[in-house]
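Each remark here refers to the structure printed beneath this line.
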Amino acid sequence: MSIGRNEPCWCGSGLKYKKCHLNADAKVATFALKGCEVPDFEAIRTIKELEGIRASSVINTAILDYVAQHIHVGMSTEEINTLVHDFTLAHGAIPAPLNYEGFPKSVCTSINNEICHGIPSPDIILKEGDIVNVDVSTIYKGFYSDASRMFTIGSVSPERQRLVDVARECLEAGLAAVHPWGFLGDVGAAVQEHAEANGYSVVTKFGGHGCGVEFHEEPFVAHVGKRGTGCLLVPGMTFTIEPMINAGASDLFIDEKNGWTAYTIDGKDSAQWEHFILVTEDGFEILSY
Ligand code: MF3
Ligand code: CO
């Protein structure tokens, strides 16, 4: 960064660089010199970017709340898609999944043994006992947000309920491991330990990701790992944590016909919760509340 100490900071705070990001930028440079993986400069959000990302995330959360109010047994996943699509447009936003790399719908709905990227269809009806992940992503004024939740349809088996609960705890364990100047490996390790302690496995082919200016940005957020390894966590980064937890093996296969939907290799269930977060100077903030 070749900004003079007394020039305005690049982040748009209006403060002099020396009173704003100078110390943090120097700290990142020091970690890089030691051979640590550090985020790209663009991964640290400006004040304007954060404003846009927050506004996008407020809508994204409202969409998930709206789904939560309306999801019910007997509903098709196409109806979930319609709810999400119409609500998003009514709020002046765009569903990020629609036409993303050819994805045909406005939301992902993944049931039971589907790990992720389930495609809504009028032929897929939510049945009593199903567990379904609804993964919502929004573009608002050019800024992206992304979060998902599990929904239980009617009363579900104790086995399924436990998977849903442990998957949620895995997300919470990952969040609790986010510290500025810590590492992404801390997050992966925390998720992996909790999943494996409960006899479950963690999907490694998909992960969380930087998000905000684009849908999927660096860094890749693995949900397995070793503490003290991986990308440095720097205040101002925004990314998702979205562990996919399998009741059986972690392996998967992709639907040949639609090219998207990931299923567990052994037909056992999978659950996923996702939050979108900002790394702050003293911890993190959940943007997807
Ligand atoms: N929302 C998913 C994620 O968490 C991405 C889905 S890509 C799509 O990263 F095209 F299927 F929407
Ligand atoms: Co995501």
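Both ligands and their constituent atoms are indexed starting at 1 by order of listing.
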* **Short N-O contact, Glu51 and Lys141, less than 4.0 angstrom** =>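 Salt bridge between Glu51 and Lys141, a charged N being under 4.0 Å from a carboxylate O: no.
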Who's the nearest protein heavy-atom neighbour of [atom], and how far?
{"atom": "atom 2 (C) of ligand 1", "value": "Asp135 OD2, 3.3 Å"}
{"atom": "atom 7 (S) of ligand 1", "value": "Tyr100 CD2, 3.8 Å"}
{"atom": "atom 4 (O) of ligand 1", "value": "Glu242 OE1, 2.7 Å"}
{"atom": "atom 12 (F) of ligand 1", "value": "Pro97 CB, 3.1 Å"}
{"atom": "atom 3 (C) of ligand 1", "value": "Asp146 OD2, 3.3 Å"}

Does a donor on one side chain sit under 3.5 Å from an acceptor on the other, for [X] and [Y]?
{"X": "Asp146", "Y": "Ser137", "result": "yes"}
{"X": "Thr138", "Y": "Asn60", "result": "yes"}
{"X": "Asn246", "Y": "Lys268", "result": "no"}
{"X": "Ser145", "Y": "Ser57", "result": "no"}

The Co ion (ligand 2) - name of the N/O/S atom of [X] that sits closest to it:
{"X": "Glu242", "answer": "OE2"}
{"X": "Glu274", "answer": "OE2"}
{"X": "Asp146", "answer": "OD2"}
{"X": "His209", "answer": "NE2"}

Could you tell me how the ring of [X] sits relative to the ring of [Y]: parallel (under 30°), tilted (30 to 60°) or perpendicular (over 60°)?
{"X": "Tyr100", "Y": "His216", "answer": "tilted"}
{"X": "Tyr263", "Y": "Phe253", "answer": "parallel"}
{"X": "Tyr144", "Y": "Phe215", "answer": "parallel"}

Subset of ligand 1 atoms that lie under 4.0 Å from at least one heavy atom of [X]:
{"X": "Ser137", "answer": "1 (N)"}
{"X": "Glu274", "answer": "4 (O)"}
{"X": "Phe215", "answer": "1 (N), 5 (C)"}
{"X": "His209", "answer": "3 (C), 4 (O), 9 (O)"}

* Mark the output for His216 as yes if a heavy-atom distance to ligand 1 is under 4.0 Å, and as no if none is. =>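 A heavy atom of His216 does come that close to ligand 1.
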* Asked: Where on Cys116 is there a heavy atom closer than 4.0 Å to ligand 1, on the side chain, on the backbone, on both, or on neither?
  ->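 The answer is neither.
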* To do: Under the ring pair (Phe, Tyr, Trp, His ring centres under 6.0 Å) rule, what do His21 and Tyr17 come out as? Steps first, then yes or no, please.
  => CA-CA 6 Å; His21 275 88; Tyr17 186 47; 7.8 Å; no
* Qualifying residue, where the test is side chain to side chain contact (heavy atoms under 4.5 Å, CB included) with His223 and the options are Val191, Leu171, Thr204 ->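 Checked Val191, Leu171, Thr204 against His223; only one passes side chain to side chain contact (heavy atoms under 4.5 Å, CB included): Val191.
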